[in-house]
Every structure is written in structure tokens, then in C-alpha cells.
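Lettering of chains follows the sequences in order, A, B, ..., and the numbering in each one begins at 1.
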Amino acid sequence: MQSSNQEIANLFRRLATLLEIDEQNPFRVRAYRNAAETIEALSVPLARLVDEGVDLTEYPHIGREIAQMIATVVETGHLPALDEVARRVPPELADLMDVRGLGAKGVKALHDHFNLTSLDDLERAAREGRVRELSGFGPRKEEALLEGIRELRARPHQRTRGVDAERVAEPLREYLTAVAGVERVEIAGSYRRRCETVGDLDLLVACSDGEAVMAALVAYPDIERVVSHGATRSTVVLAGGLQVDVRAVEAGSFGAALLYFTGAKQHNVALRQRAVDRGLKLNEYGLFEGERNLAGADEVDVYRALDLAWIPPELREDHGEIDAAAEGMLPALITVEAVRGNLHAHTTWSDGKQSLEEMVDAARARGYEYLAITDHGPAVRVANGLTPDRLRAQLDEVAALDERLDDITLLTGCEVDILADGTLDLPDDVLARLDVVVCSIHYHLRQSREAQTERVLRALDNPHFMIWGHPTARDINRRAPIDIDLERCLAAAAERGVVVEINAQPKRLDLSDRNARLALDMGCRLSINTDAHRDIHFDFLRFGVDQARRAGATAADVINTLDVADLRRMLRSG
DNA sequence: GCCGTTTTCGGCCCGACTGTTTTCAGTCG
């Protein structure tokens, strides 16, 4: 069994943590963490890169040594350095670092004095009041650790989906905006970078009186507990468990602070290094030459002072965007406004919650130039999938409705099921009549990688296969993606002119940002679709656009930006 | 351990808050 990139990254993270507890060179520790970040962000399996003899040191934060270590992991499944440090440091100690307020120093001290290795051991020692005896610890710390353990047990670290984060973030933003003296509030962090999930929320407030803002924050009704409360920075946990960090700055520093709190961390580190290279210093208050503040009120000015174009938050991951900004080569990212229509939507003909007419009205209200009606094929029985006869009946209704409307073009279609053996659940003569054929996997999600790959490759051979719907069938936080050789399938899709979907349902976001990047690299075109099952689902479009932007997609990469004539031509020619 | 428009050594982002201290280390982001 070959290790996935994620598994390899986790090995390096664990190695870093154990070395940190073992008080090894902190820069070496950081080097392993940096390498883990790089590995996680790769869209191509390391196993394949190693097999093909690709020079891994071309990637950032991977040098000769780590490249060799990666090769060893790929070949043996083991990281010898990890086995080696595990002889000195019990590997279970790494888990203790997940307790809020406990870092490497604390873990080492606790282990050295009490010989404890588990969460249970720690809890017992704290309850018995023994932890406070330790130098550097005290009663408050002891209580905080017990609270941290409770928190960890209650909520095993799961990230919050962007759409769910929005529901709590926007009301809080409004609340803080209403505080006297507040000029501006932005939600920064991974939320602003439009990541599919967020670990916490970072709110930035421009104001003259930070203490007033912090006082208002801790009085917010929806708070479960206050973790820290300072004059310019506080951390709270909202009911429901989402952590919120709020930072107050003066307007003159807002841009620099927004830059800093938007991240990603690696992007910040790279920017700060760029500042240092120019004899400057970048922090959340501004870009400084000695005492002189060169830029700070506006993000654009900070980037410009570093000889960079402003970088959209979605690209700030230290994946080459800084070099691109320096060379004026940043992509013109696709926008919601550029999307003219939707090619995947359901009605009450199958499992949609609203009628054909209602869905069409909703699309018109949103200014779509075209809408494809793609109810399920017969295999999806629970969704009342369409038999060939029912589909033919629907085609007549869609055509009749289209005839009556002159502000939108209705396209006929179907979301066809890719069956376990790679055949489709409607016959070719029916598919041949449709404007849009979306092909998706809904069942048999646990086939082996080989079987899953063959299944999709076979389906792709069907000449009517136009759009590959939610390709990995994942449900964020609930169902893992199917196991499939995505690269091989995307290559086949590109070859056959099959378009790959970014399904904009917030629980799916499938393809993901990284996989969409891979699809573009393989030469595929994308289609961003809402997969709407009711009218308000059309508003999910922006979540799909977010992921396309994170993938670096331009309008030209996305077929929904075509006008209807070009779209028809493109879909017919394949 | 990585990195390099000051390139094979000598750096490595920077600041706020907390608790334990008595001037600061640890943790976090």
C-alpha cells in the first residue's frame, strides 16, 4: 500500500513535533513542518514523482535530505528518522500538544517529572493538583489544562465548512461594526482566502479604541467562553465551538494588518522575507524602513512597496503567486459576474424540491442567460430518476417552456449515473437527444482504486459524456472522496474534450481547489455548477467560483462563461 | 534542514496575551 501525500506529510509533522519535544534544533523542526506544508499542497502523488525520478528539490522547502527521506517513505512506508526519535520520545506525547495551552516545553516538563504520556495521565495529575507543583506551572495553568482537555474531548478537531462559518461570522461582523468608534470590520484568515473549510475565524477591526471593541466582543451573546482578552487582541469560543480571534488596529495600519491576518502563514513568511531582503521590516502595523512607515493603510500599497502586484486572497498560499506577482503574471481570476449560466440543476421531476417553472424563474431572476435541466437518470431510484419515457416527456415540456421565454435559453439534459461497470444508465439514442449530459457517480463508492479508475475511464469512452459531475463524490467532513487515479482520468477527460465540474454545493465543492488545479494542468476545461435542488441553491454559485479562483482559473478556463451559441458548439464538438 | 540578486555559511517573521514570575518564558497565530 503506497502512502498518500497526506500520510507522508503527517509523518513529517509528527517527526517535527517529537523533535521539538526532544529540544532539537528549532529550525530543523520548522524545516520538517515547511516540507509537510509543501507535500500537502502537491496535486500529484509523491509516489509517482519518485517513480519517475523527478527531482523533488525543485519544490520549496524540500532539499537533498528531505527528498531522500521522501524516497525512503515511498519505497518502504517508513520514515527512519521518526523511528529513531521514537526511541527517545514516546510518540503518544505528540497528541498532548493538541491540548490548548500546552506546547513542546510543557509536554516535555510533564513527561520528565510525572512520566505521563496520555491525555488520561495528564488529566489525573491535574485533578490531583500535582501539576501545579511543577516549576512554570501553577493553579491557573492547571485549570486551563483541564479545560483544554475537556475541549479536546468534546470536539475532536474538525474544521468548519465555509458556508457554516459564514452563518456565524457575518452576524458577528455586523455586531462589531455597530460598536461606537469602529470604522471597518473584515473577516480575514482562511475565510477571506475562501478555503473550503476554516479552522477558526480571524476578525480585524479598524478603530481608535481597541479596548471598547474587546469589551463589546466578550459581551457578545453567542459566546461559550473567553480564552484571552487583551487591549488589542482577544480570543473567544462561540457556542457551537468555532474559535474567533479578534484584533483591533488603527486605520493607518489596517492594510498591513489585513495582509497579516489573511495569511496564509507561508505567504506571510515569504513576504516578510522579501521585505528583509530589501532592508525593510513587515509586521501587522506596516512596512518599515527603520522608523519610517512606508505603507500600512492599504494592502495594495504594501504589495506595491515590495514591487508586487496586489495578490487576490484566494492565491495567497505561497504556491508561486509571489513570483507571479513580481513578474506581472498573476491570472485574471474568474468572477461570479462572468458566469452566464448553469449546467446542472434538478426539479421535482426527480429529487428537486421545486418545479421546472419555479427553478427557471429563479434562474431568470439571477440573470442567467441559460439553464440546463439535468434531473437524475433512472439508476438513482431514491431520487425518482427519469426513465427514458419520462425523460422524453420532460424534453417536450422544457422545449415548450423555452419557446415561451425570450430572456433565457433552456437546455435539455440529464445527470446520468455512471454505473458500477462504467456503463451509463440511459441508452445512447436517448443521450443523443440532449444538449447537456452530466455524468456522475452516486453508488458503489467503495470500489478499489483500480476498479474505480477503470469504471470512469470506460464511461469517458461514451461519446455522449460531456461533463463529469462532482468527480470524487466527496461530502466534506462526512464522506471521503472515492479512491481513484484522478490524474489518469483527468488526462482521459482532456483527451476526449470532456469538461470537469466544480460542483458548487458547499458540502461538496468537488472538484476541490487542488484537484481543479490538477485538472487545469492536465488540459481540462471546467464547468462551475450549482447542482441546485431548490431556487436558493443557485446562490451557491459563488462557493464554486471561490474554489475555481483558488485553483487559479480564468474565465477562459470555465465553459459557463461562454454565450449560449459558443456553449452549444463547444458541447457538440467535445 | 533549507536557502541564496549579499549563494555553500549563517541566517531563519514578528508581536500579543497569559501565567508565573519579579523580568520573562511559553504559547499562539
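The separation between A:L96 atom CG and B:dG26 atom P is 17 Å, rounded to whole Å. In this structure, CG of A:L102 is placed 19 Å from P of B:dA25, rounded to the nearest angstrom. Rounded to an integer number of Å, the gap from CE of A:M69 to C1' of B:dG1 is 9 Å. Put simply, CG on A:L134 is 10 Å from P on B:dT21, counting in whole angstrom units. The CG-C1' distance, from A:L152 to B:dC28, rounds to 16 Å in whole Å. The CZ-P distance, from A:R132 to B:dT20, rounds to 9 Å in whole Å. Distance CZ (A:R274) to P (B:dC3): 17 Å, rounded to an integer number of Å. As a whole-Å value, the separation of A:E84 CD from B:dG1 P is 11 Å.
The CZ atom of A:R542 lies 12.0 Å from the CD atom of A:E337; values are rounded to the nearest 0.5 Å. The line from CZ of A:R100 to CD of A:Q243 is 4.0 Å long, rounded to the nearest 0.5 Å. Rounding to the nearest 0.5 Å gives a distance of 10.0 Å between CD of A:E142 and CG of A:L134.
Defined by atom type and a distance below 3.5 Å, a donor-acceptor pair is missing between the side-chain atoms of A:Q505 and A:N503. Looking only at atom types and distance, the side chain of A:D55 has a donor-acceptor partner in the side chain of A:T57 under 3.5 Å away. A donor-acceptor contact under 3.5 angstrom links the side chains of A:T262 and A:R192, judged on distance only.
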*Base-contact (B) and sugar-phosphate-only (S) positions in nucleotides 4-15 of chain B, heavy-atom cut-off under 4.0 Å, - elsewhere*: --B-----BBBB

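Remark: A:P91 pairs with A:R14, A:L18, A:A86 by the side chain to side chain contact (heavy atoms under 4.5 Å, CB included) rule, at least two apart or across chains.
Mapping A:A231 and A:V99 onto DNA chain B via the closest heavy atom, the residue that lands nearer the 5' end is A:A231. Closest-nucleotide positions on DNA chain B for A:E142 and A:A31 were compared, and the one nearer the 5' end corresponds to A:A31.
The partner of B:dC17 is B:dG26, by the rule that a Watson-Crick or G-U pair needs both atom distances under 3.5 Å.
Note on A:G106: only backbone sugar-phosphate atoms sit closer than 4.0 angstrom, heavy atoms only; bases stay farther off. No engagement by A:A35 is indicated, since no non-hydrogen atom pair under 4.0 Å with the nucleic acid exists. Residue A:P60 is in sugar-phosphate contact alone, with no base atom involved, counting any heavy-atom pair closer than 4.0 Å across all strands shown. Residue A:Q243 is classed as a sugar-phosphate contact, given heavy-atom separations below 4.0 Å to backbone atoms only.
Contact check, A:K105 against B:dG26: a side-chain N or O comes under 4.0 Å of OP1 or OP2. The side chain of A:S228 places no N or O atom within less than 4.0 Å of a non-bridging phosphate oxygen (OP1 or OP2) of B:dA16.
One C1' atom belongs to B:dG1, the other to B:dT5, and the distance between them is 23 Å to the nearest Å. With C1' as the reference atom, B:dC13 and B:dG29 are 12 Å apart, rounded to whole Å. Across the P atoms, B:dT21 and B:dT27 are found 14 Å apart, a figure rounded to whole Å. Taking atom P on both B:dT20 and B:dG15, the two are 26 Å apart, rounded to the nearest angstrom. When the C1' atom is used for both B:dC12 and B:dC17, the distance is 25 Å, rounded to whole Å. Only the P atoms considered, B:dC28 is 25 Å distant from B:dT23, to the nearest whole Å.
Other residues, nucleotides and ligands contribute at most 12 non-hydrogen atoms within 6.0 Å of the CD atom of A:E250.
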